[in-house]
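Computation of the quantities below employed the complete heavy-atom set of this structure, encompassing side-chain atoms and omitting hydrogens, waters and symmetry-equivalent molecules. We're numbering straight along the sequence, starting at 1.
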Amino acid sequence: MEPILRVKEIQKSFDGTGVLRGVSLEIHEGEVIVIIGPSGCGKSTLLRCINGLEKIDGGEIWLRDQKISGLEKDLHLVRQKIGMVFQSYDLFPHMKVMDNLLLGPTKALKRPPEEVRAEAMEMLKRVGLGDRADALPRTLSGGQKQRVALVRAMLMHPQLLLLDEITAALDPEMVSEVLNVVIDLAEQGMTMAIVTHEMRFAEAVADRVLFMEQGVIAEEGTPEEFFREPRTERARRFLQSFTYASARKLGKRPLGSGEQREEAET
C-alpha cells in the first residue's frame with residue numbers, strides 16, 4: 001500500500017544552522033507516529049515543513065502522488081488535506097465556539113453551514129463540550145479550548161493530522177482530557193503525526209515512535225521496542241529523564257496527569 005505521506009531527505013536551516021539534516025519517513029493510512037526528542041532537535045520544524053509553514057532547503061515531501069514541497073500557488077489546498085493543531089489554540093476570541101468551527105469548512109470547503117453545524121455539534125458532544133457551542137473562547141479552560149481546536153481540525157476532514165505539543169500550554173490537570181480525545185481519534189483510524197513530551201501517552205497511542213536528535217531520526221521502532229529496549233545510548237538517557245508507567249501494561253484507559261517530568265540536562 002502506498003503511504004499517505006513520504007518525506008525524502010529534507011533539509012532545513014535557520015541562519016546557517018542545520019535544524020533538519022536529511023530526514024526521511026513514511027506514514028501509512030491509519031498509522032499514528034509519535035516524534036519525540038530533546039528540545040531543539042527539529043521535531044516541531046519537521047511538522048511545520050510538512051504543513052508548508054516552513055520552506056525546506058532540500059529534499060521532497062509527497063502527499064500520496066502529489067509533490068507538495070515547493071508549492072506556492074496551491075498550498076492552501078494542501079493544508080485542507082493536512083490538518084495541524086498547535087500549542088496555542090488560535091481560536092478567534094470574538095467568535096463563539098460554533099462560529100469558530102463553521103468558518104473553515106464553509107469558507108474553504110464551501111460546505112453547507114447547516115451540514116457543518118450538525119457535524120460540529122456531534123463532535124462537540126463527543127469531546128464533552130456539547131453545552132459550549134455558544135460560548136466565547138475566553139470563558140473556556142485551556143483544555144476545553146484545545147478540544148475545540150481538535151474538533152475544528154477534524155471538521156476539515158484531513159487525510160493527515162499533525163499535532164505539535166498540544167498539551168504544552170496546559171495545566172497538568174487539563175492534559176488528560178485532551179490526550180484522551182487524541183486516543184479516541186487514533187482508535188477511530190485517524191492518520192496522525194504527533195510531537196509530544198508525554199511519554200506514557202506516546203506509548204499508548206503510537207504505532208511507531210521516532211526519536212530525533214540534532215536534526216536527524218536517530219532511532220525508530222514500535223512502542224514496545226523503543227520504550228523497553230532503546231537501541232541507542234542517547235535514547236536511553238532521554239527516557240531516563242522521564243517518570244512514566246507502562247501504558248501497554250495498563251491498557252488504553254484514560255490517562256492521569258502529572259506524569260511528565262522536565263527532561264534533565266544532558
Side-chain angles (χ1 to χ4, degrees), residues 1-5 25-36 43 47 50-51 63-64 81-87 89 101 105 116 118-130 132 142-168 170 173-210 220-228 244-260:
M1 181 185 299
E2 282 292 312
I4 283 183
L5 185 82
L25 63 91
E26 293 184 349
I27 305 177
H28 290 81
E29 187 169 359
E31 185 179 31
V32 178
I33 69 163
V34 173
I35 306 166
I36 64 175
K43 52 191 186 293
L47 293 194
I50 291 172
N51 192 248
L63 183 65
R64 297 194 186 275
K81 301 174 183 177
I82 302 178
M84 189 162 182
V85 182
F86 303 88
Q87 295 179 22
Y89 328 112
L101 298 178
V116 179
E119 184 181 4
M121 198 66 228
E122 182 61 34
M123 286 190 178
L124 285 174
K125 291 177 182 177
R126 198 180 307 162
V127 301
L129 296 175
R132 307 300 282 162
Q144 289 172 330
K145 291 176 186 176
Q146 198 60 287
R147 281 182 278 163
V148 172
L150 284 165
V151 169
R152 180 179 57 185
M154 291 304 299
L155 283 170
M156 296 297 289
H157 296 171
Q159 297 180 27
L160 171 65
L161 186 59
L162 310 176
L163 306 180
D164 185 18
E165 293 282 18
I166 60 172
T167 61
L170 299 180
E173 62 268 22
M174 298 178 184
V175 170
S176 61
E177 65 186 51
V178 174
L179 297 185
N180 283 321
V181 172
V182 179
I183 288 176
D184 287 343
L185 291 175
E187 292 177 340
Q188 293 164 25
M190 186 68 215
T191 309
M192 291 184 281
I194 303 170
V195 167
T196 185
H197 274 97
E198 297 283 343
M199 293 297 104
R200 186 182 173 210
F201 164 66
E203 192 176 6
V205 77
D207 294 304
R208 272 190 299 142
V209 177
L210 308 184
E220 70 174 281
T222 66
E224 291 88 351
E225 293 168 342
F226 182 80
F227 287 105
R228 294 177 185 175
Y244 67 96
S246 173
R248 294 291 178 180
K249 292 179 181 178
L250 294 173
K252 291 187 177 179
R253 64 177 65 180
L255 298 174
S257 61
E259 295 162 340
Q260 180 182 352

Gap between atom CD of Gln144 and atom CD of Glu177 - 0.5 Å precision:
6.5 Å

Nearest heavy-atom approach of Tyr89 to Arg152 is O-NH2, 2.8 Å

Shortest non-hydrogen contact between Ala206 and Pro223, atoms and distance
O-CG, 3.2 Å

Does any part of the side chain of Phe201, heavy atoms only, come nearer than 4.5 Å to the side chain of Thr167, both counted from C-beta?
no

Side chain to side chain contact (heavy atoms under 4.5 Å, CB included) involving Glu26 - partner list, sequence neighbours excluded
Pro3, Arg6, His28

Evaluate side-chain contact (heavy atoms from CB on, under 4.5 Å) for Glu122 paired with Arg126, printing each intermediate quantity in order.
CA-CA 6 Å; Glu122 182 61 34; Arg126 198 180 307 162; 3.9 Å; yes

Begin from the C-alpha positions of Gln146 and Met174 and carry the test side-chain contact (heavy atoms from CB on, under 4.5 Å) through to its verdict.
CA-CA 10 Å; Gln146 198 60 287; Met174 298 178 184; over 6 Å; no

Is there side-chain contact between Leu47 and Lys43, with at least one heavy-atom pair below 4.5 Å?
no

A side-chain contact here means heavy atoms from C-beta on lying under 4.5 Å apart; do Ile166 and Val178 qualify?
yes

What is the distance from atom CD1 of Ile4 to atom CG of Leu63, rounded to the nearest 0.5 Å?
7.5 Å

Does some side-chain heavy atom of Gln188 sit less than 4.5 Å from a side-chain heavy atom of Leu185?
yes

Quick check for you: to the nearest 0.5 Å, what is the distance between Glu198 atom CD and Glu203 atom CD?
13.0 Å

Which of Leu162, Leu160, Val182, Asp207 passes side chain to side chain contact (heavy atoms under 4.5 Å, CB included) with Met192? Answer is Val182

Does the side chain of Arg64 reach to within under 4.5 Å of the side chain of Glu2, using non-hydrogen atoms?
no

Using a 4.5 Å cut-off on heavy atoms from C-beta on, say whether the side chain of Arg132 contacts that of Leu124.
no

Glu165 and Thr196: which non-hydrogen atoms are nearest, and at how many Å?
OE1-CA, 3.6 Å

Nearest 0.5 Å, please: how far is CZ in Arg208 from CD1 in Ile33?
5.5 Å

Check Val127 against Arg147 and note the closest heavy-atom contact, atom names and distance.
O-NH1, 2.7 Å

Residue pair Val151 / Leu129, side-chain heavy-atom distance below 4.5 Å:
no

Kindly compute the distance separating CG (Leu25) from CG (Leu5), expressed to the nearest 0.5 Å.
6.5 Å

How close do Val148 and Leu101 get, counting heavy atoms only, and between which atoms?
O-CD2, 3.7 Å

Of Val195, Leu163, Val205, the one forming a side chain to side chain contact (heavy atoms under 4.5 Å, CB included) with Val34 is Val205

Are any non-hydrogen side-chain atoms of Asp164 and Val85 less than 4.5 angstrom apart?
no

Provide the closest heavy-atom pair for Leu170 versus Gly143 in the form atom of the first, atom of the second, distance.
CD2-N, 3.6 Å

For the CD atom of Glu220 and the CD1 atom of Ile36, what is their distance to the nearest 0.5 Å?
12.0 Å

